[in-house]
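Every heavy atom of this structure was used, including side-chain atoms; hydrogens, water molecules and symmetry mates were not. Here is the naming used below: chain letters follow the sequence lines, and residue numbers restart at 1 for every chain.
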Number of protein chains: 2
Amino acid sequence: MTATGRESVGPARIVDVAREAGVSPMTVSNVVNDRSGVSEGTRARVLAAIEETGYRPNRAAVQLRTRRSRQLGLHVSRRHLSVGQPFPIVFLGELIDAAERADHQLVVFTHPLGEEGSGAGPATSGMDGFVLFIVDPSDPRPRAIADAGLPFAVFGRTPPSLPQAWVDIDNAAAMADVVDHLLDRGHRRFGYVGYGEPEYWHRDRLRGAQERLAEHGIEIPERWLVRTSLEAARASISLDLLGSDRPDAVICGSDSLAALVLAEARRAGLTPGVDIAITGFDALPLPQAEAPTLTSVAMPLTAAADAVVRLVISQIEGRPAPAQGEFLPTHLRVGDST
Amino acid sequence: MTATGRESVGPARIVDVAREAGVSPMTVSNVVNDRSGVSEGTRARVLAAIEETGYRPNRAAVQLRTRRSRQLGLHVSRRHLSVGQPFPIVFLGELIDAAERADHQLVVFTHPLGEEGSGAGPATSGMDGFVLFIVDPSDPRPRAIADAGLPFAVFGRTPPSLPQAWVDIDNAAAMADVVDHLLDRGHRRFGYVGYGEPEYWHRDRLRGAQERLAEHGIEIPERWLVRTSLEAARASISLDLLGSDRPDAVICGSDSLAALVLAEARRAGLTPGVDIAITGFDALPLPQAEAPTLTSVAMPLTAAADAVVRLVISQIEGRPAPAQGEFLPTHLRVGDST
DNA sequence: TTGAAAGCGCTAACAC
DNA sequence: GTGTTAGCGCTTTCAA
């Protein structure tokens, strides 16, 4: 604590550090921002002064001067902020970490974007760019953000008319892996339980399974092809898939559905992994799917979060939006259910 | 588009609006910030100019000048960012909305706070204050935030040595309501299924039920008192609570537990709401608890989010931290399960 | 390698 | 009721 002037009157500013180190504010700035052209001795003195004063750059001042907030907006649909949505909460955590690794903060929004009124919403101001997840090409939000003049990146797919700033998994390829695994295990009679909803990933998952099976001359018979909702699934499952005429293997479009099939199979007296193979999709640590562990497609969550964050930041820094999206590899987690 | 000078070179600034309206920047500022002392005519001209230019205040400049970011940090424990945690995702949505109503943005953090190293973390800079949820008195995070010189408010309880900036429900009182309802329905033989974890709310819920029952000379017998975890619950439930010697009513410490009891009761051939009464706690729209609807204690989520946000902001604006916390009323949602 | 001057866009304090 | 001046804390530009 050297009494160099105005100590302890609010947080230390760059001039306080400069005075303490006997250099100019500019030099302190150069050290703080790791710019070259500072001699080792000076750098050391400045770092000591920073330590001494507890200096932390004032974000507002930096932001005003550089025109960058180093904050990314994350828009989460109302619909994804409800119970029983395993993905959003997990991916949110990944995005926070990914943003932090890239030295950015994540600001969350949920006010409708691109629907009925709402512009970019006055509340979204100050963001350098936006991140979205669970986005399909009909999602109005990318357009709304683009119209506000902000860069964005999504986990999912963007509309064709916008920059293809997306990261996604190849759902069809992932299901092909599942099929390969099940064929390996000797299964030849396949059932499928998926969602009836219109999003492309539901279609792609089913298609991926069907196409790989077709390559082996196998078809999923209509009676074992269930397109349903989580609520309605239970009934059709036991009726269509677990009767006396049943498949060797049931491929499911999500872990939640697989958990239902598992439960129903057990109730029907079948041992999953022995009497019948069951696979899921997502491989999030869903409590119901714990024992036996479910064979499932693991999403590359950390890699996806990093990629999405990198993608916005790259545009923020002026590099052009990519001409094409990026597919991230999935990993088949083999459990006891197959 | 009047060519008054430097149009369309970046976003409009306050001087552009001032020029357009023929007033000084200060007057524009007064209009934007709803300060008194602007004549109606001037205000109208300024508003027109704002519309015309598409002016939006620069957050960084405002922040630098006023020393307020109008951003609240929300710290979410890693542990609460995982599947099977219904509360965090729902409450996050409520907090975003509450912050927006109070004209603030919500910045999410998950980097450890107050544990092993980590200070307030360089990444938390720029926040006016912090919000936390699911906090019990042993949580190290309030201390870490207070040490960083920031105001905070929590949903839960703060340690006794810190400002009592908390909002909570009265768990015991809520359970007393549940008991009253069940007594009303004529039940006299009670079982209880709760979590064995050490957090005060688990204890308070059980205690609240026991105390109100005691007022009526009723005790929960040891054999019908199950303290367990979500994973281990299933076994003890059917064994202890649903055999031939079973209670009229089972009070559960959470909806997830109640959903399990419901499922097991059905499996045992009992009709919930007829043969046995079952109550939950939380009343989040948990998919498993849909049919029949569960009688459960509804948390005042929106009110709690508003209260927590108000509580931080009040301290940010210099009003002293409250001497005591605030209890919010719960509401008993009566469903078909009782 | 270092420093001085200027200014990012806004508002507090005070003058008119 | 409205305008002027100054400055929040930092970095960009240019000079030494």
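- The separation between Ile50(A) atom CD1 and dC10(D) atom P is 11 Å, rounded to whole Å.
- No side-chain N or O of Thr53(A) forms a donor-acceptor pair with one of Asp16(A) less than 3.5 Å apart.
- Residue Arg13(A) places its side chain closer to dC10(D) than to any other of dC10(D), dT13(D), dC10(C).
- Between Ala60(B) and Met26(B), the residue anchored closer to the 5' end of DNA chain C is Ala60(B), taking for each the nucleotide with the nearest heavy atom.
- Distances from the side chain of Leu64(A) to the nucleotides dG9(C), dG3(C), dC10(D) place dG9(C) closest.
- dA12(C) atom P lies 12 Å from atom CZ of Arg68(B), rounded to whole Å.
- For the pair Arg65(B) CZ and dG7(D) P, the computed distance is 10 Å after rounding to whole Å.
- Under 3.5 Å, the side chains of Ser29(A) and Arg35(A) contain a donor-acceptor pair of N or O atoms.
- When rounded to the nearest whole Å, the span between CG of Asn58(A) and P of dG9(D) equals 7 Å.
- Ranked by how close their nearest DNA chain D nucleotide is to the 5' end, Gly22(B) and Ala61(B) are led by Gly22(B).
- Atom C1' of nucleotide dT11(D) and atom CD1 of Ile14(A) are separated by 8 Å, given to the nearest angstrom.
- Of the side-chain N and O atoms in Arg67(B), one or more sit less than 4.0 angstrom from OP1 or OP2 of dG9(D).
- Ion pairing between Asp306(A) and Arg310(A) fails under the 4.0 Å rule for side-chain N and carboxylate O.
- Contacts with DNA chain D (heavy atom under 4.0 Å) in residues 27-45 of chain A: Ser29(A), Asn33(A), Arg35(A), listed by number.
- Counting only heavy atoms from C-beta on, Tyr55(B) has its side chain closest to dC10(C) among dT11(C), dC10(C), dG9(D).
- A donor-acceptor pair shorter than 3.5 Å can be found between the side chains of Glu94(A) and Thr302(A).
- Straight-line distance from the CZ atom of Arg19(A) to the P atom of dG9(D): 12 Å, rounded to whole Å.
- Arg59(B) has its CZ atom 12 Å from the P atom of dT11(C), to the nearest Å.
- Remark: side-chain polar atoms of Arg141(B) are not paired, donor with acceptor, to backbone N or O of Leu132(B) under 3.5 angstrom.
- Using modelled atom types and a 3.5 Å distance limit, the side chains of Gln164(A) and Gln324(A) yield no donor-acceptor pair.
- A side-chain donor-acceptor contact under 3.5 Å links Glu100(A) and His111(B).
- Comparing dT11(C), dG3(D), dC10(D) against the side chain of Val62(B) picks out dT11(C) as the nearest.
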